[in-house]
Enquirer: 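Below are the structure tokens for one structure; questions will follow.
Below, read A as the first sequence line, B as the second, and so on, with proteins coming before strands; counting in each chain starts at 1.
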2 protein chains.
Amino acid sequence: MRKFVSDKSCRKLLHRSFQNLTQQLQHHHHQHKGPPSSVSQSRFLSSSSMAPSPSSNPSAPSVTLDNINPKVLKCEYAVRGEIVTLAQRLQQELQVKPGSHPFDEILYCNIGNPQSLGQQPITFFREVLALCDHPSILDKSETQGLFSADAIERAWQILDQIPGRATGAYSHSQGIKGLRDTIAAGIEARDGFPADPNDIFLTDGASPAVHMMMQLLIRSEKDGILCPIPQYPLYSASIDLHGGTLVPYYLNEATGWGLEVSSLKKQLEAAKSQGITVRALVVINPGNPTGQVLGEENQREIVEFCRKEGLVLLADEVYQENVYVPEKTFHSFKKVSRSIGYGEADICLVSFQSVSKGFYGECGKRGGYMEITGFSPEVREQIYKVASVNLCSNISGQILASLVMSPPKVGDESYDSYCGEKEGILSSLARRAKTLEDALNNLEGVSCNKAEGAMYLFPRIELPQKAIKAAEAVNSAPDAFYCRCLLNETGIVVVPGSGFGQVPGTWHFRCTILPQEDKIPAVVSRLTDFHKRFMDEFRD
Amino acid sequence: MRKFVSDKSCRKLLHRSFQNLTQQLQHHHHQHKGPPSSVSQSRFLSSSSMAPSPSSNPSAPSVTLDNINPKVLKCEYAVRGEIVTLAQRLQQELQVKPGSHPFDEILYCNIGNPQSLGQQPITFFREVLALCDHPSILDKSETQGLFSADAIERAWQILDQIPGRATGAYSHSQGIKGLRDTIAAGIEARDGFPADPNDIFLTDGASPAVHMMMQLLIRSEKDGILCPIPQYPLYSASIDLHGGTLVPYYLNEATGWGLEVSSLKKQLEAAKSQGITVRALVVINPGNPTGQVLGEENQREIVEFCRKEGLVLLADEVYQENVYVPEKTFHSFKKVSRSIGYGEADICLVSFQSVSKGFYGECGKRGGYMEITGFSPEVREQIYKVASVNLCSNISGQILASLVMSPPKVGDESYDSYCGEKEGILSSLARRAKTLEDALNNLEGVSCNKAEGAMYLFPRIELPQKAIKAAEAVNSAPDAFYCRCLLNETGIVVVPGSGFGQVPGTWHFRCTILPQEDKIPAVVSRLTDFHKRFMDEFRD
């Protein structure tokens with residue numbers, strides 16, 4: 001049997017991302033050096049004012065870690081961090097020299113990327129995309145044999161919504177108007193409350209939309225954004241890149257990763273007392289990495305809190321179709337907020353949606369949107385201006401976002417196959433989530449909350465002191481040490497909890513539920529065997 | 001005949017973008033308020049350090065123009081600015097009430113968006129995209145009748161380069177390795193010098209790549225970026241959004257928008273004397289909005305200048321296929337730099353390419369890449385990290401970028417039709433450029449440099465004092481006044497020179513050469529008639 005402490009790769013582990021986040025969470029004071037830069041200051045250097053100086057020509061600076069933007073240096077994104085880099089190296093080694101590791105393939109459970117693990121795309125969606133990419137076949141007789149009738153019809157409808165039927169043209173910077181109409185209608189059907197196509201901004205996946213809002217709201221490190229801990233590291237990365245302050249609130253693991261408004265209040269007040277202006281609250285529902293689904297009453301409290309405190313509610317709702325337990329239902333924050341009578345004047349609300357998640361999992365298409373409500377026309381104009389600098393999001397992603405919000409309906413030729421594909425994927429995801437959750441809870445020292453939604457489990461591991469010491473000895477965080485050993489022994493890639501944030505002194509990892517169902521037994525047995533050996537090695 | 005001064009729309013003109021840019025160009029000193037924020041300062045607020053304070057709960061700030069990020073407020077993007085908004089309104093009015101304006105359609109000459117004006121996509125490219133979107137038809141017999149054999153073969157090749165053939169999966173954050181291999185081979189074939197696939201970062205069009213480099217290089221307003229004036233306003237917008245200083249260098253209109261290294265030197269020294277650290281030089285070749293193609297000797301001087309001064313050369317080469325005059329050829333800056341013997345250790349070079357331009361004009365697909373050379377492994381790792389935060393660019397755009405750099409070859413089934421489509425578009429663009437250039441030069445008080453490349457003309461207009469006074473009377477910049485009158489009278493949309501920058505006291509506009517060839521005579525006659533009437537109205 002392999003000895004973990006003799007594993008060179010484990011020894012070498014130095015998971016910087018962990019260290020940074022931990023240092024940040026444990027950093028006990030917040031320095032302010034100088035005021036934020038002035039609004040009125042022009043940064044456009046005047047030509048006419050510049051008299052050439054006869055100064056010497058010192059050796060010019062090249063680009064080094066010392067002279068790049070420190071915000072870039074600071075930002076971390078653990079989901080594609082060093083463990084993934086190691087996994088890619090192991091994969092190459094397996095290709096070059098099969099049998100060189102005690103497993104024959106790498107199982108990427110680090111990222112919500114369903115199709116990379118074999119999930120098939122929804123046929124109807126792909127038919128429409130292909131037809132919109134190459135509309136000149138729409139009229140051909142062979143096309144009838146290759147594509148469903150409703151896909152052909154839908155492609156015509158979409159093309160008719162695009163000026164000149166030009167799918168290769170830049171669109172309106174918010175996205176094609178007709179597609180936004182469709183999406184708004186889909187939101188209305190979901191929520192039972194009106195949605196305005198002018199509130200929709202189509203984006204290349206949800207990430208650019210999150211960046212846009214951070215860019216709008218953050219002026220300096222004195223602006224704070226309330227974020228859950230654990231959180232999806234896009235948020236910490238985006239806040240770092242825009243120079244703001246992440247104000248953490250802990251989700252309560254003991255109550256199934258419950259979101260407690262008392263904790264929000266406490267953290268908001270604490271931030272204020274340190275001179276931080278909190279601008280927004282991020283809520284991820286269903287939760288990433290935690291998988292919980294918020295109850296409606298809880299959501300109501302959150303909305304009221306944001307209204308009272310004048311916070312923008314940034315609602316990450318990209319897993320809205322991923323709910324696996326009968327006792328929970330997804331409710332959008334907009335629906336909840338309208339249900340209690342809050343309108344445009346009461347709360348600034350942004351809902352992020354993506355084609356990358358749900359049962360479609362079209363990550364590579366980079367489609368998504370944000371729906372913004374409650375912002376003044378002047379502020380909306382600024383958001384539009386920023387969108388216009390990048391011209392528009394990709395049209396295939398725009399089309400897919402409209403399809404996701406307006407799938408085939410009863411009576412359409414594709415309806416039955418669409419429902420079959422959808423239900424097949426969602427029920428399989430639910431089974432996989434339950435199997436993995438049970439397997440994790442059977443491990444010594446591991447406890448895992450119920451996977452109510454999203455695509456992840458976030459189990460807690462009680463690591464023996466001996467393991468913690470072994471990690472220290474190789475200059476590693478204990479959870480990163482565990483994850484690296486797991487990868488080296490089994491080929492399973494998970495992300496250490498430190499990449500998402502966790503209560504200091506507790507250790508977790510995030511594991512997706514996405515390996516195909518026929519691989520789940522192997523994941524469970526490899527993980528179980530590994531964990532037993534790890535504990536045998538390190539048990540105190 | 002309509003009187004311009006009685007035109008209410010013209011009267012109301014207030015082109016803010018112009019005013020800002022002019023103020024910026026004429027701003028005679030550069031203020032610094034406080035040092036840039038410290039590197040070591042943690043912006044992740046510690047939870048454990050935050051004792052709730054019993055402070056009152058003041059009315060929380062909502063989101064207003066006064067409390068959003070001033071960098072957002074400051075940035076401008078004239079290509080989609082207020083004249084375009086007016087054009088969209090006129091278009092709606094024409095739809096609702098045909099005949100309500102003295103023209104029956106809006107002609108968008110404001111933006112390089114060829115397919116929006118009727119240019120057809122390259123068939124082979126769209127065939128491959130459609131097949132990659134819906135690979136399950138690849139095996140079907142009907143597919144042979146609908147698609148060319150080499151498109152089917154290429155789709156298979158591309159799918160085989162994608163792990164699991166999953167076009168719906170996130171890819172490597174730099175883009176699919178096999179596609180980067182293809183692109184690197186295309187660059188090698190173009191330049192005659194090696195290219196490394198690991199130097200390629202695929203992006204959603206070229207704009208995100210430009211933002212990434214600005215984000216990397218700009219630390220504060222004390223970091224400067226040398227940019228041509230006139231420039232493509234993406235650069236000024238990106239520098240503003242990242243809080244840097246645009247250091248302008250004027251292209252010399254008298255020598256066909258020549259780039260003079262003496263001017264670079266002068267501006268660099270002047271910037272240094274004001275405490276600005278210049279990090280990079282932006283060169284757009286072929287030029288936007290100016291249409292000039294740099295000579296090789298000129299490029300050599302530029303490369304030597306960057307090497308000597310330690311500047312990153314940011315080479316916007318998205319119009320590399322758009323050269324219309326036999327006496328000029330496109331040379332990449334990488335080729336020029338390697339030709340004079342400069343290697344990785346000598347110069348940091350970034351080349352931007354896009355699928356939106358060239359003869360393909362696939363703006364809506366949002367494909368592009370940057371090739372980065374000369375950066376240390378540590379800095380490259382930082383660039384990779386920033387790319388990874390956004391996961392990856394859209395896969396269709398990635399595929400298209402590979403196709404653009406590796407089109408059909410002699411002997412392929414599509415080769416003849418591909419060449420026919422390509423030559424048809426490029427020769428038509430050349431004819432349109434010449435016709436418009438001649439027409440502009442025939443106008444009283446207008447002079448227009450030769451359209452050597454890109455997709456634009458940037459004529460200079462000598463406006464009569466009476467017109468300038470009329471513009472002032474409606475609180476408008478003279479060039480914006482002219483463009484707005486042109487739009488109101490003819491439906492032709494062009495962008496005032498002030499959106500790109502121009503020598504103070506001179507007036508220009510940017511006009512694309514993209515209206516379809518059968519519309520060019522109408523553009524010429526409408527423009528000519530308008531200009532005559534305008535001059536008759538305002539001649540001093």
Enquirer: If you take all heavy atoms of A:Gln115 and B:Ala166, which pair is closest and at what distance?
Expert: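 For A:Gln115 versus B:Ala166, the nearest heavy atoms are O-CB, 3.3 Å.
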Enquirer: So which part of A:Ser171 gets closer than 4.5 Å to some heavy atom of chain B, the side chain, the backbone, both or neither?
Expert: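 Just its backbone gets close to chain B.
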Enquirer: In sequence, state the C-alpha distance, the side-chain angles, and the governing distance for A:Tyr77 and B:Asn390, and then conclude on side chain to side chain contact (heavy atoms under 4.5 Å, CB included).
Expert: CA-CA 10 Å; A:Tyr77 187 68; B:Asn390 286 326; over 6 Å; no
Enquirer: Shorter than 4.5 Å, heavy atoms on both sides: which option in B:Thr64, B:Leu146, B:Val379 has the most such pairs with chain A?
Expert: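 Heavy-atom pairs under 4.5 Å are most numerous for B:Leu146.
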Enquirer: Highest number of heavy-atom pairs under 4.5 Å with chain A: which of B:Ile218, B:Leu234, B:Leu217, B:Val355?
Expert: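 The option with the most such pairs is B:Ile218.
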Enquirer: Which atoms of A:Cys348 are under 4.5 Å from chain B, going by heavy atoms: the side chain, the backbone, both sets, or neither?
Expert: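 Answer is side chain: those atoms of A:Cys348 sit under 4.5 Å from chain B.
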Enquirer: Quick check: closest heavy atoms across B:Gly112 and A:Tyr170, and the distance to 0.1 Å?
Expert: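 It is O-CE1, 3.6 Å.
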Enquirer: So which atom in A:Gln382 and which in B:Val72 form the shortest heavy-atom distance, rounded to 0.1 Å?
Expert: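 Heavy atoms only, the tightest pair is OE1-O, 3.5 Å.
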Enquirer: Return the minimal non-hydrogen interatomic distance between B:Ala169 and A:Asn113, and the atom names on each side.
Expert: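 In terms of heavy atoms, the two residues are closest at CA-OD1, 3.2 Å.
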Enquirer: Is the closest side-chain donor-acceptor distance between B:Arg366 and A:Ser396 under 3.5 Å?
Expert: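 Note: B:Arg366 and A:Ser396 side chains miss the donor-acceptor criterion.
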Enquirer: Measure distances from A:Asp204 to the heavy atoms of chain B and classify the residue's part below 4.5 Å as side chain, backbone, both or neither.
Expert: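 Side chain only.
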Enquirer: If every non-hydrogen atom of A:Pro135 is compared with every non-hydrogen atom of B:Arg126, which pair is closest and at what distance?
Expert: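 Heavy-atom minimum between the residues: CD-NH1, 4.4 Å.
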Enquirer: Just so I know, are the side chains of A:Ile68 and B:Phe375 near enough to count as touching, which here means a heavy-atom distance under 4.5 Å?
Expert: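 Contact flag for A:Ile68/B:Phe375 side chains = no.
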Enquirer: Check the side chains of A:Asn69 and B:His242 for a donor-acceptor pair under 3.5 angstrom, ignoring hydrogens and angles.
Expert: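 There is no such pair between these side chains.
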Enquirer: Test of understanding: with salt bridge (Lys or Arg N to Asp or Glu O under 4.0 Å), list the residues that count as partners of B:Asp133, not counting sequence neighbours.
Expert: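 Partners of B:Asp133 by the salt bridge (Lys or Arg N to Asp or Glu O under 4.0 Å) criterion, ordered by chain and then number, come out as A:Lys365.
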Enquirer: My understanding is that only residues two or more places apart in sequence, or in another chain, count here; which of them pass ring-ring contact (aromatic ring centres under 6.0 Å, His included) with A:Tyr360?
Expert: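 For A:Tyr360, no residue satisfies ring-ring contact (aromatic ring centres under 6.0 Å, His included) once neighbours in sequence are set aside.
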Enquirer: Can you confirm whether the side chains of A:Arg219 and B:Asn67 place a donor and an acceptor under 3.5 Å from each other?
Expert: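 Distance-only check fails for A:Arg219 and B:Asn67.
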Enquirer: Evaluate B:Cys75 against A:Val389 for side chain to side chain contact (heavy atoms under 4.5 Å, CB included), listing each step before the verdict.
Expert: CA-CA 9 Å; B:Cys75 113; A:Val389 173; 4.1 Å; yes
Enquirer: How close do B:Ala130 and A:His134 get, heavy atom to heavy atom, and via which atoms?
Expert: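 Looking at all heavy atoms of both residues, the closest pair is CB-CB, 3.7 Å.
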Enquirer: Measure distances from A:Thr143 to the heavy atoms of chain B and classify the residue's part below 4.5 Å as side chain, backbone, both or neither.
Expert: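 Backbone plus side chain of A:Thr143, per the 4.5 Å heavy-atom cut-off to chain B.
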Enquirer: What part of A:Ser393 is in contact with chain B, defined as an atom under 4.5 angstrom from a non-hydrogen atom: side chain, backbone, both or neither?
Expert: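 When you check distances to chain B, only backbone atoms of A:Ser393 fall under 4.5 Å.
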Enquirer: Please flag which part of A:Ile111 lies under 4.5 Å from any non-hydrogen atom of chain B: side chain, backbone, both or neither.
Expert: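 The side chain, not the backbone.
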Enquirer: Atom CD in A:Glu362, atom CG in B:Asn394: separation rounded to 0.5 Å?
Expert: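 Rounded to the nearest 0.5 Å, the CD-CG separation comes to 12.0 Å.
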Enquirer: Under a 4.5 Å cutoff for heavy-atom pairs, which residue among B:Cys363, B:Ser356, B:Pro114, B:Gly164 has the most contacts with chain A?
Expert: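 Most heavy-atom pairs within the cutoff with chain A belong to B:Cys363.
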Enquirer: Based on non-hydrogen pairs under 4.5 Å, which of B:Ser173, B:Gly205, B:Ala237 is most in contact with chain A?
Expert: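 Most pairs with chain A among the choices: B:Ser173.
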Enquirer: Would you compute the distance between atom CG of B:Leu65 and atom CD of A:Glu381 and round it to the nearest 0.5 angstrom?
Expert: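 Here the rounded value is 8.0 Å.
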Enquirer: Under a 4.5 Å cutoff for heavy-atom pairs, which residue among B:Val312, B:Leu241, B:Ile162 has the most contacts with chain A?
Expert: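 Highest number of pairs under 4.5 Å: B:Leu241.
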